[in-house]
Structure formats: C-alpha cells, structure tokens
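Residues: numbered from 1 along the sequence shown. Note that the coordinates shown come from a computational prediction; the quantities given were computed from them, not determined experimentally.
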Amino acid sequence: MNNVTIIKKDGTKEAFHEKKIVEATNKSAARVLVTFTNKENQQICAFVKEEIRKQNLQEVPIAIMHNLVEGALDHVNPAVAKSYRDYRNYKTDFVKMLDEVYRKSQSIMYIGDKENSNTDSALVATKRSLIFNQLNKELYKKFSLNKEELQACKEGYIYIHDMSARRDTMNCCLFDIAAVLKDGFEMGNLWYNEPKTLGVAFDVIGDIVLSTASQQYGGFTLPEIDKVLAPYAELSYQKYLQEELDKQIHYNVCEPAYAEEIALKKVKREFEQGFQGWEYKLNSVGSSRGDYPFVAMTIGLGQNRFEKMAAITMLEVHQGGQGKTDNKKPVLFPKIVFLYDENLHGEGCILEDVFNAGVECSRKTMYPDWLSLTGDGYVAQMYKKYKKVVSPMGCRAFLSPWYEQGGLSPANEADKPVFVGRFNVGAISLHLPMIYAKAKHENRDFYEVLDYYLELIRKLHLKTYDYLGEMRASTNPLAYCEGGFYGGHLKPHDKIKPLLKTATASFGITALNELQQLHNRKSLVEDSTFALEVMEYINKKVMQFKEEDQKLYAIYGTPAENLCGLQVEQFRKKYGMIENVSDREYVSNSFHCHVAENITPIQKQDLENRFWHLFNGGKIQYVKYPISYNVKAVKALIRRAMKLGFYEGVNLALSYCDDCGHEELNMEICPNCGSHNLTKIDRMNGYLSYSRVKGDTRLNQAKMAEIAERKSM
C-alpha cells in the first residue's frame, strides 16, 4: 500500500494510512457506544486494503475510500456502519435540520409554544430553553434513531416522549429528600449542614427541589413529606419550648403547659410560612429547563403530632390559596397526593381528622388527589404486604417493585421492595388506532403489526439504558452522589450505570376508546371487549420482554397533552377522517371513557375499573363533580374510589374573577362585576393547569376542545 494515494475533495493527494481509517471508524463507533478491539480494527483495514488490491487502484478518490470503509464496517458492525454513513451525510442533513430548528425557533419567539402547559413561553428564559430543546430533539432523531424507528415516529405509530432530553438524563422520580438532608450534603460546591429547625428545612428543601428537578424531565415527587418534616418540627418545638421555659425561670413563673402551647403555636406558624414559601417558589421561579418544576408531594399516613400538623397545615395553606387579600386562588404546584389507609382514615379512625381536612381541600381546589393503599390492586398489595408506599411520580407514573436482595423478584420471604429513590428512564407511546388501521389497510393480522411496534419500543428503551449508563454522576450530583437516588453515593466521575438496574421504562397507551370505535363502532361505554383483549396481550408481551431483558418495563396510561391533538393529525394524514375516531380535534387519554359520554361519576368509576390492573406503570381515575362543593357527595365518591383501589382525582372547573375576587365552579363572565378577566383552572390529565389566565390559555387547541366537551371527565 506504499504506492497508494488518496485524492481528497479539494483535489490534493496524500499517502494512504491505515491509522486514518482506524481513527475515523473508532469515532463512528464511539457515537453508538461501541469500542472496537485491535482484531476488529485489523479486520477493517484488511478489508479495505484487499478491495484496493482487487480493484487495482493506485489513486483512490475519497468518495471511493468512504464506500470501501462502509463495506468493511458492514461486515464487522452494521450499527457502526450506519453511524459512519450518517456522519458522512451530515452537512446536507444539518442544513435541513437547522432550517427546521430555525423555523420552529421563529414560531417560539413570536408566537409562543403550548405543547407543555407548565411552561410560560412568553418568558425569555423559556424561549431559550424551547429553542435548545428543538435543536436537541433534531440531534436525537439524527444520531440516535435508525431508519425504521424514525419512520415509525414520523408517521405516528409510536411517539417518543421528551426526545430533547432522552439521551441526557432520566425521567420522573421519587426523590429521597430525607437521605440527602441526613447528616448534611454538598450542593454547588458548598457544604450544607443538616437543618436544625423546621424553617431552615423548608428553605433548604426548596433549594434542593429547584436544583435537582432542573437536571431531569418529568415529575419530581417528594414521598411522604409530612414524615420527612416532622423531625425538624420536633427540633423547632424543643427550641421554642426551652426559650419559653427560660423566660418563665427569669420571671420566676412555672407554667409548663403554657410554654408548650406557645411552642406548638410557633411550630404551626413555621409550617404555615414554610408551605406558603414553597407555593410561592414552585409557581413563580422557573427551573433552568424553562418550565415550573413539576413537583408532587405525598402526605397522610403520619400519626405523631407533628406529622399530622404537617399534613393538615399543608392542606389548609393550599386551600387558602395565594394572591391579594380577598382575591386568592389555589396554585398548581406542588401537586398533593393523599395516601389513604382505610384503617387510619376510615370513619372513627385515628386519622379521620386528616382525611376530613383533605376532603375540604379537594372540594375547593381539586387537590389533593387520593391514592388507595388498602383497596384492590398493585399499589395496595405492596402496602398491605410490605407496608411500602408506591407514591406516584408526578401526575400518574408508578414504579415496578425492585427487591433489595432479589432485584426483579423477591429472593425469599424476608426480601422487601424499594421504591423511594428510584426513577423512570422514559416513556414511548403506541398509537393503537394507527396500528389497527395499518393492519387492516395492509390486510395483515393486527397482533403481528402490534408486535413489530412493541419490539421497536423495546429496542429504543434498551438503547436508552445504554446511553444513560455512560453518563457521569456529576450530571446530577444531589441524586447520584448525595443519596437522592437509591444507591446514589457515587463519585462525581463514576458512570451511573449501576443505578439504572432499578429504573423503569414505560410502554405508553393512548386512545383505547378510539381503538374500540375503529374495531366495531362502539365506545368503551358500550363495549370494551376488544380493548381489554389488546391490553391483556400487551401486558403478556411486555412481561415477556421484562423477563428476557431483565429490565423493569411498565405499561403506562399516557397523559396525552399535546399528543392528543398530534395523533389525530397523524391518523387523518394516513387514513383520513373516520367518525368517532379522527373527526374530533383530540383522542381520548389512555383507558378513559370519552369525555363527552353522558354517564354518572359512579358509572365512570365502574367502567374504568375494568382496565385498572392493566396499567400498573401509570394510571389515574377521575370523575367530574357537578355538585357545587357538596361535601357529602365528594366524601362518598372518594371513599368509594378508595374501596376500589383507585388513584382518584376530584375534577371540578374552578373559575376566579381577577378583578373582584368572585369565584364559582364554572363561569365565562363574572356575574358579580361583569369582568372577562378570569383565571380558570381545569384538570389537564392527572394534573391541574390554567385553561385561562389574563384572557389567554397555556393549553393547546386540541386540549381546549376536549375541555369544552367534558361531561364525565
């Protein structure tokens, strides 16, 4: 090969060097997380040299050399061959990609963006984040998806959620805030001592949430926050009590009961100020990712006095709302979830007062949502057997169990599951009506086509585990280094791969109602036989994947926000307008009955109960309460949902006049002062959002169309 020269694009010539082939192919390998052995490098070079010899080439144009290298890589590793080929075409592709990013960025700059109701796209920081996300999304599609994956996404058969962040970080989580606080921690190169008072604990937790929630996407949950705060309340109590006793000694008085009363009042005030501070912070300070961090907190099981005080005060503060005097309204964050135990919260039980405080809050503000720990189903099973709470991550995602000794399954009777400190690596949703229509259009078996897309999602999840495993712990130090995640005591430069074994990956489901309609022109209210059959099939298939891959796959009822409209557009483009399938602006969420069905709350609970056990990776049930704050009706429906084992949302339509402060369940014009300047809060999916604020909405057109048609939602 000494006499062989390479003719470069500019016409210059240089001698052939094997080293340059090795460098180029290894760069392509690194992009897909492959490391070639010396033997493989030698095979590649030998293949190229043999082709040059066979073709008797003395001068090799660079384009021919690229083809020879591609041929060698096709023999050694096709995935690297694709990476090499894709990079070769990067200039042409990048022009197209950047043109799309520019077009989207102009839209964001001058029109805004309503894909995520938690973002205020009027803000400069949010615009910057959205534009960056658009670029990152295009890079993900370019360098992380193969041809068939890209085609499935483009046409709409699957939807990869949060593509802009999928290679960078994990998804929703149950953050172990107690572990981070215990004995102190480091944040931003500063050492924080463990708080010595309740007020300081509130401040520090608020800072931790804003910092750590920015390093991920999806919901950020602090489980059983009432129990986390109670020890710090005890420290404050002892401090205040000693201060009062010292005063009494100074004035030669001995009234310990009075000192205790004063100390308890001061602790209560600290709780009030702390929860109010969180509500201000979480609803006004945007995270570095451009949105308000989607923070959820679970409460309700604590039985000692400060655990109860924490739960009740949190509910009272949320119910009171924030804003000007006589013109207050509830905030959106944190989302509050009440953990319901029939033996604690039932009539006459020790925590019935906490339950009643929750009902009062729900019937005025929709939060808290209610999670049954003693009804039927997976979450209750974990609680009743192990006394372990499976708190939801964000609006509806639930973790599959990971056992301390056995991993995916218990090693023995003493083995227990772990939930706190774990997370999800991402969700990918199936578009079942599209898949059904494709099968019929191509005269193929539906389940054969479904299998193809399930396998596609499976491979995408496996790639995500691999990509994320290469990330360093320094990318989210509070989670990976300071104990926020289970096993999260890594060194900053350690890879996070060991922590991913406990992470779930979700197969999302939307539009079951439209699938049933496409199958036999009946809604889920009229007939759910086929939809149930499909979900049972998917459950069996995903369980098979789970066992074969040893990964915690889960099935997730997708809370389609922007997706509910996008899937209609995709279906129409491919298969046209079909009555009750694609003739509205939106599709139904997950397994829910269509929002326009004229059914009672009890009927809706019973109808959706059929699907409950088939969505253990993410689900919520909610009904509309057209009852004008009727406390008995709200309480009865909540208790019924808890017996069924639901994660239940109280659904009202809250309206507030921003001029005079008047509030009603639903109004378009204030009957008190005639103002159109209203704030309206509606349930987005499993969470709440502004359907109207200062004359505008943060919701997309499809979701607004759905809200307008709600009868049973």
With a 3.5 Å cut-off and no angle check, do the side chains of [X] and [Y] form a donor-acceptor pair?
X    : Y    : value
Y140 : D168 : no
K703 : N685 : yes
E533 : Y447 : yes
T558 : S429 : yes
N513 : S523 : no

Do the side chain of [X] and the main chain of [Y] share a donor and acceptor less than 3.5 angstrom apart?
X    : Y    : result
E709 : A596 : no
N609 : Q605 : no
D549 : K546 : no
K388 : V418 : no
E155 : I158 : no
Q567 : C564 : no
Q516 : L524 : no
D162 : A165 : no
S506 : A427 : no
E548 : F545 : no

message: Between F175 and F220, is the ring-ring contact (aromatic ring centres under 6.0 Å, His included) condition met? List the steps.
response: CA-CA 7 Å; F175 192 79; F220 184 91; 5.0 Å; yes
Using side-chain heavy atoms (C-beta onward) and a distance below 4.5 Å, is [X] in contact with [Y]?
X    : Y    : result
I336 : D369 : no
F591 : S528 : no
M535 : I555 : yes
S588 : V595 : no
M642 : L373 : no

Checking [X] against [Y]: charged group under 6.0 Å from the ring centre and within 45 degrees of the axis?
X    : Y    : result
R167 : Y467 : yes
K551 : Y465 : yes
K438 : Y157 : yes
R640 : F646 : no

Count the heavy atoms of every other residue, nucleotide or ligand shown that sit under 6.0 Å from [atom1] of [X], and state whether that count exceeds 12.
X    : atom1 : result
K440 : NZ    : no
E579 : CD    : no
R521 : CZ    : no

Please confirm whether the ring centroid of [X] lies under 6.0 Å from the ring centroid of [Y].
X    : Y    : value
F446 : H519 : no
F333 : H318 : no
Y622 : H592 : yes
F615 : Y556 : no
Y647 : F398 : yes
F423 : F485 : yes

message: The test is side-chain contact (heavy atoms from CB on, under 4.5 Å); show your working for C593 and I599 and say whether it passes.
response: CA-CA 9 Å; C593 300; I599 52 178; 4.3 Å; yes
Between [X] and [Y], does at least one N-O distance fall below 4.0 Å, as a salt bridge requires?
X    : Y    : result
E536 : K540 : no
E569 : K574 : no
E455 : K459 : no
E706 : R710 : yes
E514 : R584 : no
E597 : K711 : no

query: Taking it one step at a time, do W370 and S362 satisfy side chain to side chain donor-acceptor pair (under 3.5 Å)?
result: CA-CA 9 Å; W370 299 81; S362 282; 2.9 Å; yes
- request: Test Y452 against E148 for side chain to side chain donor-acceptor pair (under 3.5 Å), laying out the working first.
  value: CA-CA 11 Å; Y452 170 79; E148 57 182 351; 2.9 Å; yes
field: Contacts of type side-chain contact (heavy atoms from CB on, under 4.5 Å), residue K522, not counting sequence neighbours
entry: N520, E526, D527
task: Quick one: sort the F338 and F355 rings into parallel, tilted or perpendicular, breaks at 30° and 60°.
output: perpendicular
- request: Over 60° means perpendicular and under 30° means parallel, so classify the ring planes of Y159 and H161, tilted if in between.
  value: perpendicular
- prompt: Closest heavy-atom contact between E149 and S144?
  reply: OE1-O, 3.9 Å
query: Of the non-hydrogen atoms in P223 and S391, which two are nearest, and what is the gap between them?
result: CB-OG, 3.8 Å
- request: Go through R683 and Y687 one step at a time and tell me if the side-chain contact (heavy atoms from CB on, under 4.5 Å) criterion holds.
  value: CA-CA 6 Å; R683 188 171 288 273; Y687 50 99; over 6 Å; no
Audit row: N616, K619, side chain to side chain donor-acceptor pair (under 3.5 Å) steps and yes/no: CA-CA 7 Å; N616 286 336; K619 54 189 175 181; 2.8 Å; yes
L430 CG to Y453 OH distance, which is reported to the nearest 0.5 Å: 10.0 Å
- request: Walk me through it: do T464 and R166 pass the test side chain to side chain donor-acceptor pair (under 3.5 Å)?
  value: CA-CA 7 Å; T464 301; R166 193 172 176 86; 3.1 Å; yes
